[in-house]
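Below is one structure, written out as structure tokens; comments come after it.
Residues: numbered from 1 along the sequence shown.
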Amino acid sequence: MAPTGRAALLAALASLPVGIWAPGWTGILAVNAPLALACACDYALAAPVRRLLLTRSGDTTARLGDPADITLTLTNPTNRPLRARLRDAWPPSSWQPGTETEASRHHLTIPAGERRRITTRLRPTRRGDHQADRVTIRSYGPLGLLARQGTHKVPWTVRVLPPFTSRKHLPSKLARLRELDGRTSLLTRGEGTEFDSLREYVPGDDTRSIDWRATARHSTLAVRTWRPERDRHILLVLDTGRTSAGRVGDAPRLDASMDAALLLAALASRAGDRVDLLAYDRHVRALVQGRTARDVLPSLVNAMATLEPELVETNARTLAATALRTAPHRSLIVLLTTLDAAPVEEGLLPVLPQLTQRHTVLVASVADPHIALMATSRGNPDAVYEAAAAAQAQTERQRTAEQLRRHGVTVVDATPDELAPALADAYLALKAAGRL
């Protein structure tokens with residue numbers, strides 16, 4: 001805030017019938033002594049800013065896109081009433097564009113010896129920790145001619161969490177999980193190791209599931225059904241290297257990968273599996289281990305809140321070594337990374353045998369929907385050229401995915417909106433097939 005005392009004084013001087021005034025403040029005070037006295041009294045009656053007491057309370061976490069209300073309590077311990085304008089400063093990403101001025105500025109009056117509360121509503125546009133900056137207060141006298149101005153540091157941090165937009169798919173995936181577990185009337189042909197029950201054979205059943213002893217006691221073929229195995233270990237590996245910084249739509253690829261990882265974690269924890277998280281590029285950026293089913297999702301969301309893509313090439317060799325240390329026993333390793341040819345062929349493929357020898361590996365990647373749109377473009381030379389480039393990019397991506405599949409890797413390649421449910425379906429398919 002720029003001080004307005006001089007501007008207010010000059011405006012008042014312009015309204016007075018003064019014949020002569022000397023340049024400079026000395027001349028002003030000499031010619032307009034009554035006004036100078038009024039300004040001095042007004043300034044003296046303004047409540048001092050430095051003696052004000054300020055505290056904060058309110059939200060400490062919020063999902064991206066949701067509001068966060070921060071309450072600022074001001075106590076006026078002086079014997080003068082406070083008439084003030086206040087600015088509660090936060091980082092620019094704490095507000096929707098164009099709303100900062102209205103949301104952060106407040107007018108207030110606090111009688112001597114009393115307190116008031118004001119609320120600043122944040123609407124963050126980025127994940128991570130948002131820390132309060134200075135609180136600037138301009139205290140006016142009763143005439144409003146001059147003002148005292150000062151700042152206070154009132155620390156407060158709001159952690160903005162991933163939005164987890166894919167949670168809308170959770171009910172349908174849980175219904176499919178209950179079918180796999182045999183908790184509904186519909187039983188599937190899962191190849192788990194925990195025996196569930198016998199039922200009549202229907203065309204299409206695996207003949208290896210026929211129970212010949214039970215068949216001999218009945219007039220119809222009987223097949224065994226199995227519950228999918230529980231208490232499996234799942235390691236979610238987020239690649240936070242440079243390829244995760246590429247924007248698809250309005251957000252980096254990393255954000256879509258995190259959303260898919262959260263849906264899978266919520267589903268797997270409900271299935272009785274243990275879920276850990278590793279975020280890595282050349283160093284460990286986040287590690288969540290050993291959480292209970294109740295705590296795993298809050299822990300993952302909190303760890304992901306501050307993750308940002310690092311503009312470095314991911315070291316696939318050390319990533320694989322770190323994943324093997326994090327998952328020493330047989331596990332499902334879900335690697336959320338790119339399907340670009342160069343990073344996969346030069347980085348991931350050489351270390352895949354180390355992972356697939358002991359673990360089941362699933363690679364999930366974010367596809368750009370604009371590429372598919374470009375592939376259908378026609379009508380002018382530029383559009384045809386774009387279509388050819390898009391077709392080439394799709395072919396290279398499919399070739400890379402096929403290379404991974406030849407190494408026994410399950411590949412999920414989908415757009416940001418489709419990645420989370422597609423990854424959950426791949427997990428359920430592995431569980432139904434008894435591969436976990």
Ignoring hydrogens and angles, state whether a donor on the side chain of [X] or [Y] is under 3.5 Å from an acceptor on the partner side chain.
X      : Y      : result
Ser365 : Arg397 : yes
Asp281 : Thr314 : no
Arg123 : Gln96  : no
Thr120 : His106 : yes
Asn302 : Ser299 : no
Thr360 : Arg330 : yes
Asp239 : Ser244 : no
Tyr385 : Asn380 : no
Thr415 : Asp417 : no

Just verifying a value: how many Å separate [X] [atom1] and [Y] [atom2], rounded to the nearest 0.5 Å?
X      : Y      : atom1 : atom2 : answer
Thr73  : Arg117 : OG1   : CZ    : 4.5 Å
Arg80  : Leu45  : CZ    : CG    : 7.0 Å
His407 : Leu349 : NE2   : CG    : 5.5 Å
Leu332 : Leu264 : CG    : CG    : 7.5 Å

Evaluate Asp133 against Lys153 for salt bridge (Lys or Arg N to Asp or Glu O under 4.0 Å), listing each step before the verdict. CA-CA 7 Å; Asp133 200 354; Lys153 282 282 190 178; 3.5 Å; yes
Are the charged groups of [X] and [Y] less than 4.0 angstrom apart, N to O?
X      : Y      : result
Arg399 : Glu396 : no
Asp88  : Arg56  : yes
Glu310 : Arg242 : no
Arg232 : Asp273 : no
Arg176 : Asp425 : no
Arg105 : Glu100 : yes

What closest approach, in Å, do [X] and [Y] show between heavy atoms, and which atom pair accounts for it?
X      : Y      : result
Ala47  : Ser139 : O-OG, 2.7 Å
Pro369 : Pro416 : CD-CD, 3.9 Å
Leu52  : Pro77  : CA-CD, 4.2 Å
Ala341 : Thr400 : CA-OG1, 3.7 Å
Leu235 : Ala323 : CD2-O, 3.7 Å
Ala401 : Leu339 : CB-CD1, 4.4 Å

May I ask you to check whether over 12 heavy atoms, not counting those of Arg134, lie within 6.0 Å of atom CZ?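 Counting neighbours around CZ of Arg134, 12 or fewer heavy atoms of other residues, nucleotides or ligands fall under 6.0 Å, so no.
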Side chains of [X] and [Y] in contact at under 4.5 Å (non-hydrogen atoms):
X      : Y      : answer
Ile333 : Leu236 : no
Leu362 : Leu335 : no
Arg87  : Val135 : no

Residues Asp276, His233; criterion side-chain hydrogen bond (donor to acceptor under 3.5 Å, both in side chains); working and verdict: CA-CA 8 Å; Asp276 292 339; His233 181 226; 2.8 Å; yes
All pairs passing side-chain hydrogen bond (donor to acceptor under 3.5 Å, both in side chains) where residues 346-356 contributes a residue, at least two apart: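 Those involving residues 346-356 do not exist here.
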For Tyr140, does the six-membered ring have the charged nitrogen or CZ of Arg85 within the cation-pi criterion, i.e. under 6.0 angstrom from the centroid and within 45° of the normal?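 No, a cation-pi geometry is absent between Arg85 and Tyr140.
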Tell me, with the steps shown, if Thr119 and Asp69 meet side-chain hydrogen bond (donor to acceptor under 3.5 Å, both in side chains). CA-CA 6 Å; Thr119 298; Asp69 291 335; over 6 Å; no
Taking Arg126 for its side chain and Ser94 for its backbone only, find out whether a donor-acceptor pair lies under 3.5 Å.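 Flag not set: sc Arg126 to bb Ser94 has no pair under 3.5 Å.
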